[in-house]
A.B. asks: 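After the structure tokens below, expect a handful of questions from me.
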Amino acid sequence: MPFLSDTLSRVKPSPTIAVSNKAAELKAAGEDVIGLGAGEPDFDTPQNIKDAAIAAIEAGKTKYTVVDGIPELKQAICAKFKRDNGLDYTPEQVSVSSGGKQVLYNALMATLNPGDEVVIPAPYWVSYPDMVLLAGGTPVIAEAQLQTGYKLTPEQLEAAITPQTKWFIFNSPSNPTGAGYSREELKALTDVLMRHPQVWVMTDDMYEHLAYDGFEFCTPAQVEPGLYDRTLTVNGVSKAHAMTGWRIGYAAGPKELIGAMRKIQSQSTSNPSSIGQWAAVEALNGPQEYIASNNEVFRRRRDLVVSMLNEIEGMTCPVPEGAFYVYPSIAGVIGKTSAGGAKIVDDEAFATALLEETGVAVVFGAAFGLSPNFRISYATSDADLKDACSRIQRFCAGLS
Ligand SMILES: Cc1ncc(COP(=O)(O)O)c(C=O)c1O
């Protein structure tokens with residue numbers, strides 16, 4: 001009898017975490033490494049949020065809480081959905097977990113049966129397909145292309161849907177491309193979904209507040225109210241409030257689904273950290289001004305990285321609407337050989353040679369389901385970004 005479960009053999013470890021670990025290892029060994037792999041803001045959590053957490057500790061709010069979120073946080077989440085998205089939810093329609101990651105996992109665990117399909121646009125956040133596999137479902141990948149700004153077209157969505165489709169996972173602005181769908185682009189997708197009443201929508205709005213150049217963020221249930229009864233709207237405090245380590249994510253949707261997710265959570269992790277929840281109340285109810293000032297920094301870094309990468313022959317980098325990632329295509333360098341003698345047969349070989357020969361850590365495109373590309377997270381200092389992009393330029397200039 002094998003000790004490890006068959007489920008485990010269906011999934012792979014997160015490649016983005018693997019890159020961060022490898023970069024940290026090289027750094028610890030004294031190498032001059034710039035890590036552009038991590039998916040988290042380099043800003044510190046705002047002081048008012050830290051103070052709320054300290055106050056919670058001092059007030060003894062350190063015990064188990066209700067499984068899927070304290071009433072104060074659920075109220076703050078309902079107010080956020082109304083304020084930012086024009087969506088009406090009641091506290092019984094809200095679930096709070098240890099990060100958006102657990103919210104998505106709970107929802108898939110609570111709904112997927114063998115044979116159920118989940119449509120995932122590529123390039124995708126690395127965890128979606130593996131979470132679907134862990135939950136016993138079948139991921140169906142619909143590839144978006146560089147030519148459409150890495151956005152899925154309505155025709156591509158239509159072609160991916162079958163009678164077995166249970167969910168469509170939507171993520172805008174996207175990890176890994178930063179692509180954000182306009183209201184019209186999203187409406188074209190929701191029109192397709194209206195023709196397929198068996199398909200539910202899991203919208204991952206984690207990067208809602210990280211958008212630039214006046215981009216108007218929209219979420220499916222807002223653009224098409226006809227989808228409200230079959231949409232799970234997922235969000236969290238990790239990215240916009242620089243709270244990745246606090247582990248608070250949340251979702252709102254139909255009561256029955258929220259109840260099923262609560263059941264999964266009650267038998268696995270119980271409540272997310274009580275202190276994190278009180279910090280999230282402050283994040284959602286407190287001042288929001290730092291979001292705009294952080295975004296100004298992110299936009300400047302995005303422009304710097306995009307312009308430096310587009311100077312490279314063989315590389316094409318679209319200007320993304322949001323998040324803190326760029327996803328250049330390297331179609332023009334495949335088949336070349338690096339100055340260090342590495343044959344660039346694919347994007348993984350490119351990322352490996354880049355790390356070994358220049359000390360710049362990026363994540364290769366195959367990890368996100370669309371090649372040949374790589375992802376840069378520009379949530380790091382301007383100086384490091386400039387240095388890293390110069391090293392990438394030199395590396396590419398040395399290809400022959
Ligand atoms: C698209 C997307 N969704 C969800 C998450 C999960 O965020 P968290 O679990 O920190 O809330 C991430 C984090 O990288 C992400 O990029």
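The first residue in the sequence is number 1, and the count goes up from there. Whatever order the structure lists ligands and atoms in, that order sets their numbers, starting from 1.
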A.B. asks: Does ligand 1 have any atom sitting under 4.0 Å from a heavy atom of N171?
C.D. replies: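 For ligand 1, residue contact (heavy atoms, under 4.0 Å) with N171 is present.
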
A.B. asks: Where on Y250 is there a heavy atom closer than 4.0 Å to ligand 1, on the side chain, on the backbone, on both, or on neither?
C.D. replies: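 Contact part for Y250 vs ligand 1: neither.
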
A.B. asks: Could you tell me whether E321 and K151 make a salt bridge, using a distance below 4.0 angstrom between a side-chain N and a carboxylate O?
C.D. replies: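 Salt bridge: yes.
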
A.B. asks: Do me a favour and list the nearest non-hydrogen protein atom to atom 9 (O) of ligand 1 with residue, atom name and distance?
C.D. replies: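 Its nearest protein heavy-atom neighbour is R247 NH2, 2.7 Å.
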
A.B. asks: Before accepting this row, confirm whether a basic side-chain N of the pair K187/D191 lies closer than 4.0 Å to the acidic partner's carboxylate O.
C.D. replies: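 Looking at D191 together with K187, the answer is yes, because their closest N to O distance falls below 4.0 Å.
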
A.B. asks: Using non-hydrogen atoms of the residue, decide whether Q102 is closer than 4.0 angstrom to ligand 1.
C.D. replies: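 No, Q102 has no heavy atoms under 4.0 Å from ligand 1.
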
A.B. asks: With the threshold set at under 4.0 angstrom, would you say E40 reaches ligand 1 through any of its heavy atoms?
C.D. replies: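 Per 4.0 Å heavy-atom rule, E40 does not contact ligand 1.
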
A.B. asks: Tell me which part of M206 gets within contact of ligand 1: side chain, backbone, both or neither, using heavy atoms under 4.0 Å.
C.D. replies: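 For M206, the contact with ligand 1 is made by the side chain alone.
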
A.B. asks: Mind listing the closest non-hydrogen atom pair of A242 and T45 along with its distance?
C.D. replies: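 Closest pair (atom of A242, atom of T45, distance): O-OG1, 2.7 Å.
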
A.B. asks: Nearest 0.5 Å, what's the OH-OG1 distance between Y89 and T233?
C.D. replies: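 Answer for the OH-OG1 pair, Y89 versus T233, is 3.0 Å.
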
A.B. asks: For atom 16 (O) of ligand 1, which of the options Y325, Y105, Y207 provides the nearest non-hydrogen atom?
C.D. replies: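 Comparing heavy atoms across Y325, Y105, Y207, the nearest one to atom 16 (O) of ligand 1 lies in Y207.
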
A.B. asks: Can you report which non-hydrogen protein atom sits closest to atom 13 (C) of ligand 1, along with the distance?
C.D. replies: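 Closest protein heavy atom to atom 13 (C) of ligand 1: K239 NZ, 2.8 Å.
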
A.B. asks: Has E216 got more than 12 heavy atoms of other residues, nucleotides or ligands less than 6.0 Å from its CD?
C.D. replies: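 Yes.
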
A.B. asks: Which atoms of ligand 1 are found less than 4.0 Å from any heavy atom of Y128?
C.D. replies: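 Within the 4.0 Å cut-off of Y128, ligand 1 contributes 1 (C).
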
A.B. asks: Are the side chain of S329 and the backbone of T316 linked by a donor-acceptor contact shorter than 3.5 Å?
C.D. replies: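 No.
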
A.B. asks: Less than 4.0 angstrom from a charged side-chain N to a carboxylate O is my criterion; do D387 and R391 meet it?
C.D. replies: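 A salt bridge links D387 with R391.
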
A.B. asks: Would you call Y124 a ligand 1 contact, heavy-atom distance under 4.0 Å?
C.D. replies: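 In this structure, Y124 fails to qualify as a contact of ligand 1 - no heavy atom is under 4.0 Å.
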
A.B. asks: For D303 and Y212, does a side-chain donor sit closer than 3.5 Å to a side-chain acceptor?
C.D. replies: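 No, Y212 and D303 have no side-chain donor paired with an acceptor closer than 3.5 Å.
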
A.B. asks: Closest by any non-hydrogen atom to atom 3 (N) of ligand 1: pick that one out of V234, D204, V126.
C.D. replies: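 Closest candidate by heavy-atom distance is D204.
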
A.B. asks: Can you name the closest pair of heavy atoms from R247 and P272 and give their distance?
C.D. replies: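 Looking at all heavy atoms of both residues, the closest pair is O-CB, 4.3 Å.
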
A.B. asks: Give me the residue, atom name and distance of the protein heavy atom closest to atom 11 (O) of ligand 1.
C.D. replies: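 That would be G100 N, 2.6 Å.
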
A.B. asks: Output the list of atoms in ligand 1 that are nearer than 4.0 Å to some heavy atom of S238, sorted by atom number.
C.D. replies: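 This gives 8 (P), 10 (O), 11 (O) as the contact atoms.
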
A.B. asks: Any side-chain donor paired with an acceptor under 3.5 Å for D68 and Q265?
C.D. replies: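 There is no such pair (donor and acceptor under 3.5 Å, judged by atom type) between the side chains of D68 and Q265.
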
A.B. asks: Does ligand 1 come near enough to K101 that some N or O of the ligand is less than 3.5 Å from an N or O of the residue?
C.D. replies: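 So ligand 1 has an N or O lying under 3.5 Å from an N or O of K101.
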
A.B. asks: Between the side chains of T90 and Q93, does any donor sit under 3.5 Å from an acceptor?
C.D. replies: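 Side chains of T90 and Q93: pair found under 3.5 Å.
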
A.B. asks: At the 4.0 Å heavy-atom cut-off, does G236 count as touching ligand 1?
C.D. replies: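 In this structure, G236 fails to qualify as a contact of ligand 1 - no heavy atom is under 4.0 Å.
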
A.B. asks: With a 4.0 Å cut-off on heavy atoms, is G249 in contact with ligand 1?
C.D. replies: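 G249 does not count as a contact of ligand 1 under the 4.0 Å cut-off.
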
A.B. asks: Output the list of atoms in ligand 1 that are nearer than 4.0 Å to some heavy atom of G99, sorted by atom number.
C.D. replies: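 Counting atoms of ligand 1 from 1, those under 4.0 Å from G99 are 9 (O), 11 (O).
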
